[in-house]
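Worksheet: one structure, shown below.
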Amino acid sequence: MSNFVSIAIENGVAVVTIDNPPVNALSFHVRKPLYEALTALRDDPAAKAIVIACAGRTFIAGADITEFGKPVEQPELRAIIALLETIAKPTIAAIHGTALGGGLELALGCHFRVAERGAKLGLPEVKLGLLPGGGGTVRLPRLVGAAKALGMIVSGTPISAGEAKAAGLVDAVFDSDLLAEAIRFASEMAAGGGPLIPIRDRNDRLAETDIGAFDRQATDLARTARGLEAPLSCAEAVRNAIALPFDEALAAERALFIKLVAGDQSRAQRHLFFAEREAAKVPVKDLQRRRIARIGIIGAGTMGGGIAMAFANGGFPVTLLETSEEALRHGLATIEKNYAVSVSRGSLTEEAKQQRLGLFKGSTDYADLADCDLIIEAVFEDMAVKKEVFGRLDAVARPGAILATNTSYLDVNEIAASTSRPQDVLGMHFFSPANVMKLLEIVRADKTAPDALATVTDLARRIGKVAVVVGVCHGFVGNRMLSARGAENEALLLEGATPSQVDKAFTDFGWPMGPFQMGDLAGLDIGWRNRKARGQTAVIADTLCEQGRFGQKTGRGWYRYEGGSREPVADPEVEALIRAKATERGIAPRAIDAEEIIERTLYPLVNEGAKIIEEGIAARASDIDVVWANGYGFPVGKGGPMFWAGLEGAARIVERLGYWHRQTGRATFEPAPVLRRFAETGRWEAL
Ligand code: T1G
């Protein structure tokens with residue numbers, strides 16, 4: 001056959017094996033021999049049944065994403081599935097690892113699906129700004145019902161083999177020997193001679209659909225789309241499956257797919273897919289990783305507790321150190337409460353909760369960190385405190401242990417220099433809540449050893465984090481750019497905009513919330529403390545804090561929050577304060593539109609990213625996109641600030657920054673040379 005597709009016939013059962021590492025994507029070089037194999041077996045009397053299986057760690061993880069945007073080579077996936085549905089002998093997909101996207105769609109072209117206990121099945125195309133384009137939106141509802149299919153397709157979240165069995169998506173689940181079991185299953189089906197009904201001809205589950213409930217579900221799901229087209233197209237396609245004859249619904253799916261795959265949003269989300277994988281690659285291949293079995297966390301506060309949970313969730317035993325028994329008890333109690341909330345929400349079993357709690361060992365004695373392989377400090381954000389902690393760590397940690405600081409801003413080189421082993425020191429900047437937020441900025445200090453960096457980068461994936469390696473500067477990549485994005489916030493208010501107007505410009509852009517609502521959520525006192533520590537001021541925000549307006553936690557900040565609700569209400573008192581501060585400065589209010597707000601906030605964001613590339617703080621522009629999409633809610637449909645700059649038009653950004661620089665004389669607006677270069681070449685690169 002070919003290197004990628006092979007056939008073996010055993011006891012009348014033909015096994016077609018796909019072998020296209022690393023994830024058996026349905027690349028053209030797989031599709032062609034697969035089509036030929038199935039055609040041959042359809043007509044081969046020796047084959048009483050056909051099993052489709054995959055070599056390696058997973059069943060087919062989808063179409064080959066690298067082929068999107070290029071001319072499509074025949075046969076397409078749809079042709080292979082249409083061929084499958086003409087085969088008058090049992091066809092069985094044997095699923096291990098993941099059956100995703102086109103991989104699950106191919107399996108839906110078979111009469112039967114059997115899976116290994118640990119397998120995951122899903123249609124995650126929406127996460128690439130797409131919808132299933134191989135008939136998934138039309139066949140899946142026929143098997144699992146429209147409501148279940150809609151949930152799976154609009155969320156893109158895979159389900160377990162057990163859940164798939166319960167939903168009717170798979171016909172059998174085996175704990176082991178998947179292939180042998182699949183061959184046995186195939187023989188039984190061939191011998192049974194039962195009716196072989198292609199899914200396209202199964203309409204019972206669709207007929208049961210409560211269309212009113214379906215439309216309400218679709219409307220709810222659409223509400224969370226925040227400007228993304230794919231979730232709406234997914235809902236429309238599944239609706240078509242209910243309302244239209246099979247082939248019409250299939251054609252409608254195709255039209256929607258072609259529109260989305262050519263669109264900027266899918267290009268942006270595909271960019272992020274590969275950018276996340278690129279960011280996790282350490283430059284030195286085949287570097288021996290250090291052994292990491294036990295984790296030590298210093299500080300059981302909000303960050304320390306969240307970090308500890310992230311590692312326990314990844315199966316690591318954790319030693320949690322605090323300065324006093326009381327602080328330790330409080331920290332452990334908060335962790336237990338957080339797990340209890342997950343159990344009450346059904347996202348965790350009581351058994352799993354107990355198992356994870358069993359991984360924690362509390363202590364107030366530094367000596368208990370001596371058997372830890374990685375120790376992460378999450379104490380108060382003060383250099384003197386951090387140096388004192390690292391000095392004590394240096395005395396107790398075993399040779400070769402990795403010592404990490406969770407600082408959000410401070411100089412990791414200075415912290416490393418407070419130890420006798422700077423080669424073992426790096427930053428691990430988690431985002432709050434650390435057990436939830438996916439982003440992890442790994443800070444490479446000047447003396448950090450490459451194997452320590454590689455070890456921690458790999459570890460990040462094992463605890464479900466998206467890791468980005470960054471250099472040392474104030475605020476690293478994320479927070480440094482956040483300061484540049486926020487530098488104009490107060491000026492915009494003094495000149496006439498309101499907090500609601502600025503926030504609306506951001507939510508219309510696709511952000512979950514704007515800077516003022518975000519400030520109220522995080523707590524205005526944090527920024528206030530940082531500004532005071534750095535001798536900086538923010539005339540309006542400082543006044544709000546002096547009035548005890550710290551945001552949601554005090555019921556008043558930039559907005560009012562009535563009766564403990566999280567819903568922001570515009571507060572005339574704040575607008576009066578802003579006008580008063582403006583009058584004191586002789587600033588007359590004027591109309592400011594969303595375009596100006598975006599120019600004065602997101603253009604400096606991109607500009608700061610350009611400086612970061614120039615300084616080598618980020619290895620790639622796409623790393624910056626990964627930081628902002630995973631840590632700061634940058635709309636994925638825009639691909640991150642550096643990708644978006646290409647969509648927005650770098651020449652326009654340079655021109656408008658130049659305009660505001662001339663207007664204000666403020667440095668944040670001076671176009672960076674790397675940005676000017678990007679405007680000329682379309683490539684982000686250090687000069
Ligand atoms: N196409 C091309 N390359 C892929 C790929 C794919 N579908 N999936 C993974 N890779 C590459 C990836 O870039 C990396 O490369 C390597 O494989 C290992 O991946 C018609 C339209 C399967 C859960 O969205 O979610 O089908 O960096 O590091 O952590 O309807 O990969 O080593 O050079 O992620 O073990 C739908 C995408 C496609 C699933 C494994 N499918 N993949 O995770 O490994 S659209 C998806 C994943 C589609 C049809 C449509 C994960 C994984 P490199 P990895 P992993």
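Numbers here simply count residues along the sequence, with the first being 1. One-based numbering, in listed order, for ligands and for the atoms of each. Every value quoted in this text rests on a predicted model; they were computed, and no experiment measured them.
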Checklist entry - Taking only heavy atoms of Arg461, which atoms of ligand 1 are found under 4.0 Å from at least one of them? => result 28 (O), 29 (O), 44 (O), 54 (P), 55 (P)
Item to check | Proximal atoms of ligand 1 relative to Gly133 (non-hydrogen, under 4.0 Å) | outcome: 20 (C), 30 (O), 49 (C)
Checklist entry - Is the shortest distance from a heavy atom of Thr58 to ligand 1 less than 4.0 Å? => result no
Checklist outcome for this item: CG of Asp201 to CD of Glu85, rounded to nearest 0.5 Å, is 7.0 Å
Next on the checklist: Just to be sure I read this right, does ligand 1 sit under 4.0 Å from the backbone of Val261, its side chain, both, or neither, counting only heavy atoms?
Outcome noted: neither
Next on the checklist: Go through it in stages, so that I can follow the logic: the residues are Thr137 and Glu253, the test is side-chain hydrogen bond (donor to acceptor under 3.5 Å, both in side chains), and I'd like the CA-CA distance, side-chain angles, deciding distance and then a yes or no.
Outcome noted: CA-CA 7 Å; Thr137 69; Glu253 176 198 88; 2.6 Å; yes
Checklist outcome for this item: Note: Pro22, heavy atoms under 4.0 Å from ligand 1, region reported as side chain
Item to check | Distance filter under 4.0 Å to Pro124 heavy atoms, resulting ligand 1 atoms | outcome: 24 (O), 41 (N), 46 (C)
Item to check | Qualifying residue, where the test is side chain to side chain contact (heavy atoms under 4.5 Å, CB included) with Met152 and the options are Leu121, Leu169, Val238 | outcome: Leu169
Checklist outcome for this item: Among Phe273, Phe68, Phe257, Phe59, the residue with a heavy atom nearest to atom 42 (N) of ligand 1 is Phe273
Item to check | Location of contacts on Lys127 toward ligand 1, heavy atoms closer than 4.0 Å | outcome: neither
Item to check | Sub-4.0 Å heavy-atom approach of Glu67 to ligand 1 | outcome: no
Next on the checklist: Tell me whether Phe274 has any N or O atom under 3.5 angstrom from an N or O of ligand 1.
Outcome noted: no
Checklist entry - To the nearest 0.1 Å, how far is atom 14 (C) of ligand 1 from its closest protein heavy atom, and which atom is that? => result Arg277 CD, 4.2 Å
Item to check | Glu278, portion touching ligand 1 at heavy-atom distance under 4.0 Å | outcome: neither
Item to check | Atoms of ligand 1, numbered as shown, that sit under 4.0 Å from any heavy atom of Glu125 | outcome: 21 (C), 26 (O), 30 (O), 45 (S), 48 (C), 49 (C), 50 (C)
Next on the checklist: I'd like to know whether Arg270 forms a side-chain hydrogen bond (donor to acceptor under 3.5 Å, both in side chains) with Ser266, so could you lay out the CA-CA distance, the side-chain angles of the two residues, the decisive distance to 0.1 Å, and finally the verdict.
Outcome noted: CA-CA 6 Å; Arg270 292 183 334 244; Ser266 179; 2.7 Å; yes
Checklist entry - Relative to ligand 1, is Val23 under 4.0 angstrom through side chain, backbone, both or neither, heavy atoms considered? => result side chain
Next on the checklist: So is Arg57 touching ligand 1 or not, going by heavy atoms under 4.0 Å?
Outcome noted: yes
Checklist entry - Can you tell me if Gly136 has a non-hydrogen atom under 4.0 Å from ligand 1? => result no
Next on the checklist: Between the side chains of Lys70 and Glu67, is the shortest nitrogen-to-carboxylate-oxygen separation below 4.0 Å, so that they form an ion pair?
Outcome noted: no
Next on the checklist: Salt bridge check, Asp215 against Arg239: does any charged N sit closer than 4.0 Å to a carboxylate O?
Outcome noted: yes
Item to check | Heavy atom of protein inside 4.0 Å of atom 10 (N) of ligand 1, strictly below | outcome: yes
